[in-house]
Amino acid sequence: MVTAVARPPGSLATMPHLVEPTTLVRESFIAAARDFRNEGWLPEFPVDEVAADFAGYVRRVLADKQSWDVPTSTLWYIDGVTYLGTVIIRHRLTPRLTRRGGQIGYQVAPRNRRRGHATAMLAAALVYCRDTLEVTRVLLTCAESNTASRRVIEANGAVLENTLDGECRYWIAIPETRHQAE
Ligand SMILES: CC(C)(COP(=O)(O)OP(=O)(O)OC[C@H]1O[C@@H](n2cnc3c(N)ncnc32)[C@H](O)[C@@H]1OP(=O)(O)O)[C@@H](O)C(=O)NCCC(=O)NCCS
């Protein structure tokens with residue numbers, strides 16, 4: 001169901017790819033969650049609770065298919081057993097999301113940043129939008145001050161429509177030939 005990079009049969013080589021949330025990456029996910037909390041990105045994330053029942057947490061994330069009043073897909077970007085980041089895809093826009101929020105949100109684990117993961121993860125998410133959701137044009141928004149996120153969005157071919165209340169609103173037309181970054 002989730003776009004995955006094809007690997008040669010029997011190959012043990014790994015490369016980052018999107019998957020549905022999985023217990024395989026428990027250790028690195030918990031480490032990343034502590035880092036997210038400590039940097040203030042997810043200050044309320046109940047790391048200890050999640051660590052105590054990670055399988056239950058993963059089940060809840062998998063079951064949670066609706067947020068912001070629209071259907072959503074939550075995917076994790078992983079490399080082997082290493083959690084790298086999360087992307088949340090909102091299947092359609094509402095008037096509120098059209099103004100701020102858009103269709104795709106993401107975060108990369110602090111200890112894995114500045115290695116191109118967010119750029120590649122968004123590229124993979126766009127392939128998922130096109131191939132799984134049959135969506136070919138998406139809106140993304142991010143704070144004007146979020147230089148890293150703006151670079152990620154722009155590197156994926158986005159066109160800036162405008163900036164509303166400090167939030168940049170970008171559109172990406174997903175080409176038919178776009179492949180998940182390998
Ligand atoms: C934004 C975020 C996802 C970027 O993740 P990342 O994996 O480091 O991004 P990449 O490595 O793909 O870098 C993309 C570009 O941003 C630049 N960049 C990364 N971090 C940066 C920073 N702190 N300051 C300035 N530029 C930065 C990179 O150099 C790269 O630039 P280039 O394309 O010119 O080489 C990550 O910083 C994050 O999770 N932040 C908190 C959550 C967040 O802001 N999410 C987006 C909400 S809209």
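Both backbone and side-chain heavy atoms feed into the values below; hydrogens, waters and symmetry mates do not. Just follow the structure's listing: the first ligand is 1, and inside any ligand the first atom is 1. For reference, positions follow the sequence shown, starting with 1.
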For this session: Using side-chain contact (heavy atoms from CB on, under 4.5 Å) as the criterion, list what pairs up with A143, not counting sequence neighbours.
Result: S145, N146, E167
Problem set entry | Aromatic centroids of Y106 and Y77 separated by under 6.0 Å | no
Exercise. What's in the same ILVMFWY side-chain cluster as L139, cut-off under 4.5 Å, chained through other members?
Worked result: W68, V70, I88, L93, L97, W171
Exercise. Between F45 and F36, is the ring centre distance below 6.0 Å?
Worked result: no
Problem set entry | Residue contacts for ligand 1, heavy atom to ligand atom, distance under 4.0 Å | W41, Y106, Q107, V108, R113, R114, R115, G116, H117, A118, T119, T141, C142, N146, A148, S149, R151, V152
Seminar exercise, completed: salt bridge (charged side-chain N to carboxylate O under 4.0 Å, His left out) pairs touching residues 31-43, sequence neighbours excluded, are R34-D48, D35-R111, E39-R113
For this session: Please confirm whether the backbone N or O of G101 pairs with a side-chain atom of T141, one donor and one acceptor, at under 3.5 Å?
Result: yes
